[in-house]
Amino acid sequence: MPELPEVQTVLNGFTTRTGQRKIIAITGFYPGTLITSSGWKDSALPAAIARSERRGKYMLIHLESGYCLIIHLRMTGKLVYAEQTTEELKHERARIILEDGAIFHFIDPRTFGKIVRCAAGELPNYLPQLGLEPFDQSLTPEHLAPLLARRKMPIKNVLLDQKVIAGLGNIYVCEVLYRAGIDPERPASEISIPELAKIIHHTREVLAEAIAKGGTSISDFRRIDDKTGEFQEFLRVYQQKQCPCGHEVQREKSAGRSTYFCPVCQKRAKRKH
DNA sequence: CAATGATCCTGTCCGC
DNA sequence: TGCGGACAGGATCATT
């Protein structure tokens, strides 16, 4: 399940591997995976990468020709690099081909991932509204407070909303709330300013650690060299039996997703029902 | 505007 | 051994 650290890891691998080589073609194998905007022209390729960036869980590849690729791995997407062109791989939904025949396979069993190719000016049409980046210095408790003021949903669910903070997914939200010592079921509007400060602090801390470890390989996340990340060894509650303090980790469902938390460290209040 | 539920998909795992 | 069903879940869309 690629979240911000996994996307950053893949993007780093993609740009490093590509280097100065031009992209000469992009091929789609599965209807719906490769999306071509009306502004995309054949003259967009070949082109080298001018700049690449990550926005939330989206990879943005700016081409020197003035066009742009948006890559979203969703849940099971992978980019796998190969020196030579080969026949279509299992679950290969698209591929990006470089000028000397090297390719990136876009492997995505569940087919939710997308590659959009568009003119640079069309980017806003294909990128959804996203909240601030976790490492953006403008992200402060005072910034978040009004966004949560009328949200009665559990803080955990609101943090998964990409319009609030961009890039968090189920794994890291669980880890952040554990480190912050906050019960994931607490209504978002009731989280205090000091608690928001803790959330922001631990969000940056967890994400930075995970990026340094090459991401988390739960199920099928792989780096571009098809190696696993290592942050799964450092998870404190997600899919864990016990938290680092030795308390039993509980699992519950919230809005269809598994939440892992420690009822002791995250001070679960007794509630009816 | 907020919240909810359905939807998109297939590999994996569990119980019988 | 095989089968049905639950589960995994990011983002979007329709509905209340």
Side-chain angles (χ1 to χ4, degrees), chain A residues 1-11 28-35 54-60 70-80 88-94 105-116 123-131 133-134 144-177 184-191 207 210 215-222 226 228-229 232 235 237-240 250-261:
Chain A
M1 296 149 259
E3 304 175 29
L4 188 152
E6 291 73 39
V7 174
Q8 188 69 56
T9 300
V10 170
L11 181 61
F29 300 117
Y30 182 88
T33 296
L34 179 60
I35 294 165
R54 179 195 51 69
R55 185 73 180 93
K57 300 172 194 172
Y58 295 79
M59 290 180 264
L60 309 182
I70 307 170
I71 304 176
H72 198 304
L73 303 172
R74 260 334 213 278
M75 272 129 49
T76 56
K78 289 194 292 180
L79 277 179
V80 177
E88 191 178 328
L89 301 181
K90 190 174 186 189
H91 299 139
E92 183 170 9
R93 309 308 182 188
H105 304 281
F106 187 74
I107 312 289
D108 185 18
R110 273 176 255 177
T111 72
F112 289 176
K114 299 273 183 272
I115 297 179
V116 176
L123 258 179
N125 306 343
Y126 290 94
L127 265 191
Q129 259 202 336
L130 294 171
E133 287 291 320
L144 281 184
L147 297 179
L148 308 191
R150 272 170 287 288
R151 307 289 294 264
K152 291 174 183 164
M153 280 197 304
I155 181 64
K156 189 244 183 181
N157 304 43
V158 173
L159 289 176
L160 287 172
D161 183 345
Q162 302 298 298
K163 292 190 286 299
V164 175
I165 300 179
L168 290 176
N170 204 35
I171 298 173
Y172 293 107
V173 165
C174 292
E175 293 295 310
V176 165
L177 290 175
E185 282 297 309
R186 291 223 350 246
S189 58
E190 293 177 13
I191 304 294
L207 294 180
T216 299
S217 289
I218 295 285
S219 70
D220 45 15
F221 169 70
R222 293 294 183 277
D226 216 25
T228 58
Q232 64 277 8
L235 296 173
V237 284
Y238 188 84
Q239 292 190 354
Q240 305 301 304
Q250 281 191 26
R251 175 184 174 174
E252 65 190 4
K253 280 273 187 180
S254 183
R257 293 186 186 99
S258 289
T259 301
Y260 294 83
F261 70 103

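Below, chain A is the first sequence line, B the second, and so on; all start at residue 1. Note that this is a predicted model, so its numbers are computed, not measured.
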Between the side chain of A:Gln239 and the main-chain N/O of A:Ile171, is any donor-acceptor distance below 3.5 Å? no
Let me know the distance between OH of A:Tyr126 and C1' of C:dT12, rounded to the nearest Å. 16 Å
Can you tell me if A:Glu252 uses its side chain to pair, donor with acceptor, with the backbone of A:Tyr260 under 3.5 Å? no
A:Leu130 CG to C:dT12 C1': how many Å, rounded? 13 Å
Anything under 4.0 Å to a heavy atom of chain A counts; send over the first and last such nucleotide of DNA chain B, read 5' to 3'. B:dA2 to B:dG11
Separation of atom CG in A:Asp161 from atom P in C:dA11, rounded to whole Å: 10 Å
Which residue lies toward the 5' end of DNA chain C, A:Phe112 or A:Pro128, if each is placed at its nearest nucleotide? A:Phe112
Nearest whole angstrom, please: distance from the C1' of C:dT12 to the CD1 of A:Ile35. 12 Å
Looking at A:Glu133 and A:Arg54, is there a salt bridge between them, counting it only when a charged N and a carboxylate O are closer than 4.0 Å? yes
So, using side chain to side chain donor-acceptor pair (under 3.5 Å) as the criterion, who are the partners of A:His91 when residues are at least two apart? none
Does A:Gln162 place a side-chain N or O at less than 4.0 Å from the phosphate oxygens OP1/OP2 of C:dG10? no
In numerical order, the residues of residues 149-159 of chain A whose heavy atoms come under 4.0 Å of DNA chain B are A:Arg150, A:Arg151, A:Lys152, A:Met153
Assign each of A:His91 and A:Arg74 the nucleotide of DNA chain B bearing its closest heavy atom; nearer the 5' end lies the nucleotide of A:Arg74
Atom OH of A:Tyr172 and atom P of C:dG10 are separated, to the nearest Å, by 12 Å
Net bend of the helix from B:dA2-C:dT16 to B:dC16-C:dG2, end axes of five pairs each, nearest 10 degrees: 50°
Exam field: side chain A:Asn170 to backbone A:Arg257, donor-acceptor pair closer than 3.5 Å: no
Within the side chain of A:Glu92, is there an N or O that forms a donor-acceptor pair under 3.5 Å with the backbone of A:Phe29? no
Can A:Arg93 be said to sit on top of A:Tyr30's aromatic six-ring, NZ or CZ under 6.0 Å from centre and within 45° of the ring axis? yes
Expressed in angstrom and rounded to an integer, what is the separation of A:Leu73 atom CG from C:dA11 atom P? 11 Å
Atom-to-atom span, NZ of A:Lys114 to P of C:dT12 - whole angstrom: 10 Å
Is a side-chain N or O of A:Thr33 found less than 3.5 angstrom from the main chain of A:Ala94, in a donor-acceptor match? no
Between C:dA6 (P) and A:Arg110 (CZ): distance, integer Å: 17 Å
Can you tell me if A:His72 touches the phosphate of C:dG10, counting only side-chain N or O atoms and a distance under 4.0 Å to OP1 or OP2? no
Partners of A:Gln250 by side chain to side chain donor-acceptor pair (under 3.5 Å), sequence neighbours excluded? none
With side chain to side chain donor-acceptor pair (under 3.5 Å) as the rule and sequence neighbours excluded, what pairs involving residues 145-154 of chain A come up? A:Arg151-A:Asp161
Polar side-chain atom of A:Glu6 near backbone of A:Glu3 as donor-acceptor pair, under 3.5 Å: yes
OH of A:Tyr58 to CG of A:Leu127: how many Å apart, nearest 0.5 Å? 7.0 Å
